[in-house]
Amino acid sequence: MKKSTIIVFIIFILACVFGVFGQGIAYFLNDTIYQIRPIFYLTIVTFVGIVLFLLACTLLYVQSKKGLIKEEVFHALLTLFLATGIAVTLWSLFVLIMWWG
């Protein structure tokens with residue numbers, strides 16, 4: 001695998017971690033950095049996770065257009081990224097909406 005593809009995977013995994021464990025990250029940031037309501041940290045973590053998902057898909061597309069990855073691999077990875085990204089994003093938005101109540 002090329003270095004650029006590994007970076008895309010790292011961004012994707014980081015986005016998944018932010019989406020799934022956003023609530024725990026919000027509590028950790030609240031305890032560690034500055035004591036404000038954790039809901040503000042959760043909002044930031046949720047939107048950073050969504051941006052990272054979009055960034056991973058965009059970088060994957062750019063790699064495909066530059067010819068760094070094969071077309072079949074691009075379609076498989078894009079399907080994986082979109083399916084996982086949509087599911088994790090919906091989960092993190094659901095948690096965020098429940099917190100904002």
task = Taking the side chain as every heavy atom from C-beta outward, state whether L96 and V45 have any atom pair closer than 4.5 Å.
result = no
query = With side chains defined as the heavy atoms from C-beta onward, is the minimum distance between S92 and V20 less than 4.5 Å?
reply = no
task = Treating Ile, Leu, Val, Met, Phe, Trp and Tyr as nodes and any side-chain heavy-atom pair under 4.5 angstrom as an edge, say whether V51 and F21 lie in one connected cluster.
result = no
query = Do L59 and S4 have side-chain heavy atoms sitting under 4.5 Å apart?
reply = no
message = Rounded at 0.5 Å granularity, tell me how far CD in Q23 sits from OH in Y41.
response = 16.0 Å
query = Does E72 have any side chain to side chain contact (heavy atoms under 4.5 Å, CB included) partners at least two apart in sequence or in another chain, and if so, which?
reply = K70
key: Within one Ile-Leu-Val-Met-Phe-Trp-Tyr cluster: L90 and V95, side-chain cutoff 4.5 Å   = no
ask   = Is there side-chain contact between T46 and F18, with at least one heavy-atom pair below 4.5 Å?
value = no
request  = Sort out for me which residue in F40, Y27, F94 forms a ring pair (Phe, Tyr, Trp, His ring centres under 6.0 Å) with W99.
outcome  = Y27
V62 with I10, same ILVMFWY side-chain cluster at under 4.5 Å = no
inquiry  = Could you see if I25 belongs to whatever hydrophobic cluster contains F47? Use Ile, Leu, Val, Met, Phe, Trp, Tyr and a side-chain cutoff under 4.5 Å.
reply    = yes
message = Return the CG to CD1 distance between L29 and I44, rounded to the nearest 0.5 Å.
response = 8.5 Å
query = How long is the span from the CG atom in L77 to the CG atom in L60, to the nearest 0.5 Å?
reply = 5.5 Å
request  = Output, in order, the C-alpha distance, side-chain angles, deciding distance and verdict of side chain to side chain contact (heavy atoms under 4.5 Å, CB included) for T5 and L68.
outcome  = CA-CA 9 Å; T5 307; L68 297 174; 5.8 Å; no
ask   = Taking a hydrophobic cluster as the set of Ile, Leu, Val, Met, Phe, Trp and Tyr residues connected by side-chain heavy atoms closer than 4.5 Å, whether directly or through intermediates, do I86 and L80 fall within one such cluster?
value = no
query = How far apart are the closest heavy atoms of A26 and P38, and which atoms are they?
reply = CB-O, 3.6 Å
task = Could you grab the distance from atom OG1 of T89 to atom CG of L54, nearest 0.5 Å is fine?
result = 7.5 Å
Nearest atoms (heavy-atom pairs only) where T84 meets C16 = CG2-SG, 3.9 Å
task = To the nearest 0.5 angstrom, please state how far the SG atom of C57 sits from the CD1 atom of I11.
result = 11.0 Å
ask   = Rounded to the nearest 0.5 Å, how far apart are NE2 of H75 and CD1 of I69?
value = 9.5 Å
request  = Verify the ring-centre separation between F81 and F53: is it less than 6.0 angstrom?
outcome  = no
task = Taking all heavy atoms of G19 and all of V88, pick out the closest pair and write down the distance.
result = CA-CG1, 3.6 Å
